[in-house]
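We name chains A, B, ... by the order of the sequence lines, and we start the count at 1 in each one.
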There are 2 protein chains.
Amino acid sequence: MKAKEQGMPQLFEVQDDDRDERELEQHPADAAQHIEGLDISDQVKFVKQLPVKDAAASIAEMDSHDQVELVGALNAGFGARILEQMAPDDATDLLEQLEENQRKALLSNIKAEDRAELKTLLTFDPDTAGGVMNTEALILDQHLSADEAVQTIRQEVEDKEIPYYAYLVDDRDSLTGVVSLRDLLLARRGAQLKDLVKTQNLITVSYNIDKEEVARKIAHYNLLALPVVDFGNRLLGVVTVDDVIDIIHEEATEDMQTMVGAGADETTDSPVNFSVRKRLPWLIINVINSAIAAYVVHLFEPTISKMAILAALMHIVSNQAGNTGQQALAVMIRQLAVEKFDRRKAWIAVVRELKIGIVNGVMISLGVFLLLLVTTQDIRLASCMGIALIFDMLVGALFGASIPLILKEIGRDPAQASSIFLTTITDAFGFWSFLALAGWMLLG
Amino acid sequence: MKAKEQGMPQLFEVQDDDRDERELEQHPADAAQHIEGLDISDQVKFVKQLPVKDAAASIAEMDSHDQVELVGALNAGFGARILEQMAPDDATDLLEQLEENQRKALLSNIKAEDRAELKTLLTFDPDTAGGVMNTEALILDQHLSADEAVQTIRQEVEDKEIPYYAYLVDDRDSLTGVVSLRDLLLARRGAQLKDLVKTQNLITVSYNIDKEEVARKIAHYNLLALPVVDFGNRLLGVVTVDDVIDIIHEEATEDMQTMVGAGADETTDSPVNFSVRKRLPWLIINVINSAIAAYVVHLFEPTISKMAILAALMHIVSNQAGNTGQQALAVMIRQLAVEKFDRRKAWIAVVRELKIGIVNGVMISLGVFLLLLVTTQDIRLASCMGIALIFDMLVGALFGASIPLILKEIGRDPAQASSIFLTTITDAFGFWSFLALAGWMLLG
């Protein structure tokens, strides 16, 4: 950008200069992508030639599978230097992924001060506020003036990750308020910090709160960061909005993938055997579940032998109810992901799904009834289909909407294998209702 | 918090005082939840007694369904005052949801300056950077010094939404750099702004880029805000991280719900008839699709009449392949949601899914083969099941992984009804392969 200095005429070509700078100063997130594309030996070479700080920033942006592989290939001394330079929350996430002996080797090479901090962070459940928080918060004495605060920040800020808020504490280290850099810039020069926060509605979260709840709180209040406190209201750390984006992505991935029995943390980069290990147990459960539905069909073999068209039509009943249920399931799971759980509201939503199921059920079964009546001229067969369809679609709506709530009430993940269980119920009920009706009305 | 002023001893009871303040100064997001719980007439009463600014902030936080209902119940004059006080991006979102005549009535009541801005914003596609950006960016002349910049910000900042970045422009209004408030606080007093951004890797987005791409960019680079520019690199506005959280939530909801043919924007609060309108068309398509699979079964009626157990067993084949395919589908859809699309990487991921399909297919079909062999002593029946299972599971893996990519390649939403199409394929192929094999090996 030399052309722009010293008031020289600015031409549009400065864009090209920008592009050169871009190559010189690669963003850690882009460097991470570059590293992920290399062979492991080239990865090691690449990070070794970077300044340690840049290497740490780049590795922090890599996928966790790739992180583990790369750090495993570094010697413990160099790995420890990298971890020291990472934000403590990123370093903790990485340490948690490693094998016990690797983690110990790295920790013993990290300088004592950082080691103590990482060890403390490792004691928090990784799925809670404590497990995702960053400990490098900017803390100010509430008795400082705005000017003194700006001076302090000027001295301290360099080491801290995105400190757009500073946290005020009293003499007992209790959190008393939050000021943003914006507040400081706007404050009267002599104003005391504690006066800036007098009417503040202080939003905090306890260290043991589920991280998804933390994400919901930050999203709900449009915060850039949320302070994490212990039961004595002492500040332990801060969860920042960029961590929240990761949490929201993770949660959405988890729901969609575990719903059908894939792994919560699978990506298209996961090794094949990792994915097999996650999915095979659920496929086995799915075989057992479909055997239950198949057993229902088996009970009606004499009926089917007499009238094989039933085997074709029963499939339409079960499939339609399955789809109805999956629509309800999808809306309920997303609701649980996006909003704070409210038991009363959740069960009202089940009633809403039943109403939708009734309307759609009546429309679809009436349509199928009429179509079959016209094409087969067999009012009994058409009636069997119509009745079984509406009943099974209602079963689908009821279970699709309530399975996530039942799972939640018994303390399980609301999405886990929900689609697999739902399909078993709609299949078994659909086969039974249609074949029993048909046996009675057509062949009885 | 009176006890805390003037250095009086601080007791732990300050917590209670905090709670009182909380009632006095309700967060707009909480006020929004409160409003949503009221009857429409009480909603109108409630917002009318609030200061217009607070009413606007609270309404901005409401769900869009509720917003539309409430604003529809206000007179156009009061509605216009509310819109004037909202952030322009929120006001635009709301206007876009309204009926044509309501929108016109409101706009004609809004003061000319704001009206012109909103009308410009309404010209952008709501699914692009231009459609989600905020126009209240803090813009500074790059020739200012850091001190002058702080002075300017002190005078201007009050009106702007979360301005943690200031944007530097040259004499032609082209964007030349971004400085954070943090940069300003750290800068040498006399430093010129343009020197602060000399080696900056400036990350911008064009106004016509899809909003999901914008969200990915902000998440990738851990930004708090991303400047939106036109083709002449002039700054049009800014997308902030709180908007990104909404976009990510919306995208995840859309994928999960449209996958099974529910509406992209349905929530548990949507009116029943809204949900019916969204879902019924896909349920009708699902009936047609299951009729295709049922037709395959119909072709084999003679086979089934002779051996009705086949109708039970064919269900296990199709269900198992369906589940295998859904696992692949879920992982692929999430990949497309989280990462920037890379065609080569995407098709490599299809190969990965085929490998997983082969391993799981061999395990499951071998298990089922052995189980059937032991229980029925019928090696031909067991072989039919084993072979049909592994073939159909591979079909499931192949189509589960590739349907989202095919949809994307033809310019459709990768998730839309993908689960419905997948099931049709796995059902039809499963029934055909199993019944054809059985007819040939057992009855031929």
Side-chain angles (χ1 to χ4, degrees), chain A residues 1 10 21-22 25 27 29 153 164 170 181 185 198-199 201-202 219-222 241-242 245 248-249 252-253 256-257 260 262 266 268 272 275-276 279-280 283 286-287 290 293-294 297-298 301 304-305 308 311-312 315-316 319-320 323 326-327 330-331 334-335 338 349 355-356 359-360 364, chain B residues 1 10 21-22 25 27 29 153-154 164 170 181 185 198-199 201 219-222 241-242 245 248-249 252-253 256-257 260 262 266 268 272 275-276 279-280 283 286-287 290 293-294 297-298 301 304-305 308 311-312 315-316 319-320 323 326-327 330-331 334-335 338 349 355-356 359-360 364:
Chain A
M1 275 204 244
Q10 284 158 35
E21 301 286 358
R22 208 162 294 174
E25 214 180 273
H27 191 286
I153 292 173
Y164 290 93
D170 63 18
L181 296 193
L185 278 174
K198 252 203 308 202
T199 62
N201 178 355
L202 184 58
H220 180 71
Y221 292 115
N222 291 333
V241 73
D242 55 315
I245 288 182
I248 292 174
H249 269 312
T253 300
M256 182 169 277
Q257 295 184 177
V260 292
E266 271 188 64
T268 53
V272 168
S275 292
V276 167
R279 298 184 193 180
L280 190 57
L283 287 174
N286 193 56
V287 171
S290 28
V297 177
H298 165 66
E301 273 182 44
I304 293 172
S305 293
H315 169 72
I316 297 180
N319 198 19
Q320 196 62 10
N323 194 180
Q326 282 172 328
Q327 291 178 341
V331 173
R334 284 307 299 164
Q335 181 67 15
V338 173
K355 287 182 194 162
I356 298 170
V359 179
N360 281 339
I364 293 286
Chain B
M1 279 204 242
Q10 284 161 32
E21 300 286 357
R22 207 160 296 176
E25 214 180 273
H27 192 286
I153 291 172
R154 277 179 162 258
Y164 289 93
D170 63 17
L181 296 194
L185 279 175
K198 253 206 305 207
T199 62
N201 178 354
H220 180 73
Y221 292 113
N222 291 333
V241 71
D242 55 313
I245 288 182
I248 292 173
H249 268 312
T253 300
M256 181 169 278
Q257 296 184 175
V260 292
E266 271 188 64
T268 54
V272 168
S275 292
V276 167
R279 299 184 195 180
L280 190 56
L283 286 173
N286 193 55
V287 171
S290 30
V297 177
H298 165 67
E301 272 181 47
I304 292 173
S305 293
H315 169 72
I316 297 179
N319 199 20
Q320 197 63 10
N323 195 180
Q326 282 173 328
Q327 292 178 341
V331 172
R334 285 307 299 162
Q335 181 67 16
V338 173
K355 287 183 196 162
I356 298 170
V359 179
N360 282 337
I364 293 286

| Pick from V359(B), I304(B), V338(B), I316(B): which one has the most heavy-atom pairs with chain A under 4.5 Å? | I316(B)

| Of the listed residues (N286(B), V297(B), V272(B)), which shares the most heavy-atom pairs with chain A below a 4.5 Å separation? | N286(B)

| said: Restricting to non-hydrogen atoms, name the atom on H315(B) and the atom on A294(A) that form the minimum distance, rounded to 0.1 Å. | reply: CD2-N, 4.1 Å

| message | Main chain of V287(A), side chain of N319(B): is a donor-acceptor contact present, judged purely on distance under 3.5 Å? | response | no

| field | 4.5 Å side-chain heavy-atom contact, R279(A) and V331(B) | value | yes

| With H220(A) via side-chain contact (heavy atoms from CB on, under 4.5 Å) - residues at least two apart | A29(B), D30(B), Q33(B)

| task | Give a yes or no on whether the backbone of T268(A) and the side-chain of R334(B) come within a donor-acceptor separation of less than 3.5 Å. | result | no

| field | Closest heavy-atom pair and its distance - Q320(A), S290(B) | value | OE1-OG, 4.3 Å

| task | Starting at CD of E266(A), measure out to CD1 of I356(B) and round the result to the nearest 0.5 Å. | result | 6.0 Å

| query | Looking at A252(A), A293(A), A219(A), which has the largest count of heavy-atom pairs under 4.5 Å with chain B? | reply | A252(A)

| said: Please classify the contact between Q335(A) and chain B as side chain, backbone, both or neither, with a heavy-atom cut-off of under 4.5 Å. | reply: side chain

| task | Measure across N323(A) and V260(B) and return the closest heavy-atom pair with its distance rounded to 0.1 Å. | result | ND2-O, 2.9 Å

| Over all atoms of both residues, closest heavy-atom pair of A311(B) and A311(A) | CB-CB, 3.7 Å

| said: As an exercise: rank I245(A), T253(A), V241(A) by heavy-atom pairs under 4.5 Å with chain B and give me the winner. | reply: T253(A)

| query | Taking atom OG of S275(A) and atom CD of Q327(B), what is their separation to the nearest 0.5 Å? | reply | 9.5 Å

| said: Test of understanding: with side-chain hydrogen bond (donor to acceptor under 3.5 Å, both in side chains), list the residues that count as partners of S305(A), not counting sequence neighbours. | reply: none

